[in-house]
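Following: one structure in structure tokens, then a few remarks.
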Protein chains: 2
Amino acid sequence: MASRSTQILEAAARVIARRGVRGLRVEELAAEAGVSTALIYYHFKDRTGVLRQTLEFISGRAERYTADRDPDAPPLAPREELEESLLLELQDTAEVRENSSAWGELRASAVFDEVLREDLARSTLVWVQEVAALLGQVRPTAPAPSLAAAAERLTALLEGLSMRWLSGGVEITHARELMRGAIDAELAGLATPRKN
Amino acid sequence: MASRSTQILEAAARVIARRGVRGLRVEELAAEAGVSTALIYYHFKDRTGVLRQTLEFISGRAERYTADRDPDAPPLAPREELEESLLLELQDTAEVRENSSAWGELRASAVFDEVLREDLARSTLVWVQEVAALLGQVRPTAPAPSLAAAAERLTALLEGLSMRWLSGGVEITHARELMRGAIDAELAGLATPRKN
DNA sequence: TGACACTGACTGAAAATTCAGTCAAACCAT
DNA sequence: ATGGTTTGACTGAATTTTCAGTCAGTGTCA
């Protein structure tokens, strides 16, 4: 059974997914968690404190579902692993939706907030490198810089598609198709090197 | 000479680029435009009205600078026209920066704000179709759905790269290279149809 | 009984929105 | 042309709304 603080953090994740980081109202959070506003301040220093801990809470969850899949099951072919890893972020489940919109919020906020920039850049770099590594497994002969470029494009595209999905511009299934198409195109480009 | 409303919208674009959509204070906008707060409400129904019209204003401007280039100069080859049109959004000039960050904010806000969704979807659709048309000129034999998919990917990627650029994740020159690479890849895919 | 978890009612400040009017230009009948 | 009337653009000063954050307590359980 979740402790009260956890219960509040879970509620916060839901509210953020619904209203955004900058749209989170302490009163709404209290209602969502089924507690009084005062209790929020009892468990967390202030609104910013809630936000900080919620972001940690969310990124903890993200690592979990990205990593999950291991149950000593049939090892995935590199190509499948790549595709799966990218498409994982385009699923219409509460958890992924919450994570994606929080990520989008962070990205958008970072444009106006120096403080967030560094953390965001670091997380992004790690992610890009992971994808580059997966690409490398599918195309072992491709030169590293091409792999890096392809990974940057695929991850940036994923962020773009994610935003469109969340803002109602495209259906999730369509977004997934587009993403698969991009993976195809990038892999084709890596197979037949161009002046890329 | 800009009418008062236009003057206010220009100021709004600047304020949004500086503070974000959700950081826009009516008072700050009034100060930026050099008018009273009440005038804002005289010309626009409410804060949301300002936001909505600013979005239109911005996408109008984007079309303009995308369209500008005509001075009866040497007509561009389709391929160049496509590339130029997309790379136009990745320039480090005040106007483009302003447009891009306002656009990014609007996109991010639309995730949580029903009201902006529709306008945004319409503007996006127009843009995607323009790009699809340009792609069609370069690859006249490609089937329309493939053109549409490629256009969606290229524009979504551009939005993603734009955000990374604005949030300090990549250099503008690198973003441009990545964009060129994506155009190459998509055109290659359209030349040799795949199960895309 | 006292430490802990918790609440309802409240406060102060910041923002959005409205109101009552001013002013200058356009319109128009003489 | 001139005095009277109307109108649209605009403002300063409220008023109202929205929020984060506080406080004085209540219940409870060990």
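A note on names: the letters A, B, ... follow the listed sequences, proteins ahead of strands, and every chain is numbered from 1.
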In whole angstroms, how far is the [atom2] atom of [N] from the [atom1] atom of [X]?
X       : N      : atom1 : atom2 : value
A:Lys45 : D:dG21 : NZ    : P     : 8 Å
A:Glu28 : D:dC19 : CD    : P     : 9 Å
A:Phe44 : C:dA5  : CZ    : C1'   : 14 Å
B:Arg19 : C:dA14 : CZ    : C1'   : 15 Å
B:Leu39 : C:dC23 : CG    : C1'   : 14 Å
A:Arg4  : D:dT28 : CZ    : P     : 14 Å
A:Leu51 : D:dA20 : CG    : P     : 10 Å
B:Glu27 : C:dA13 : CD    : C1'   : 13 Å

Give a yes-or-no answer on whether the side chains of B:Ser59 and B:Arg122 include a donor-acceptor pair shorter than 3.5 Å.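 On atom types as modelled, these side chains do not qualify, holding no pair under 3.5 Å.
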Can you see whether A:Arg164 engages B:Thr155 through a side-chain donor-acceptor pair at a distance of less than 3.5 angstrom?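 Yes, side-chain donor-acceptor contact under 3.5 Å.
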Backbone N/O of B:Arg180 and side chain of B:Glu83: donor-acceptor pair under 3.5 Å: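 No, because the side chain of B:Glu83 does not come within donor-acceptor range (under 3.5 Å) of the backbone of B:Arg180.
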Are the side chain of A:Arg117 and the backbone N or O of A:Ala110 linked by a donor-acceptor pair below 3.5 Å?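 At least one qualifying donor-acceptor pair exists.
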Would you indicate which nucleotide in [options] comes nearest to any side-chain atom of [X]?
X       : options                : result
B:Asp46 : C:dT17, D:dT11, C:dT7  : C:dT17
B:Ala38 : C:dG8, C:dT17, D:dT11  : D:dT11
B:Tyr42 : D:dG8, C:dT18, D:dT22  : D:dG8
A:Ser36 : D:dG21, D:dA13, C:dT7  : C:dT7
A:His43 : C:dA16, C:dC6, D:dC10  : C:dC6
B:Arg25 : C:dA16, D:dT11, D:dC23 : C:dA16
A:Arg47 : D:dG12, D:dA20, D:dT22 : D:dA20
A:Tyr41 : D:dC10, D:dT22, D:dC19 : D:dT22

Base, sugar-phosphate, or nothing for A:Leu29, non-hydrogen atoms under 4.0 angstrom?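 Result for A:Leu29 = nothing.
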Taking all non-hydrogen atoms of both residues, which atom of B:Arg139 and which atom of B:Ala191 are closest, and how far apart?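 The pair with the smallest heavy-atom distance is NE-CB, 3.5 Å.
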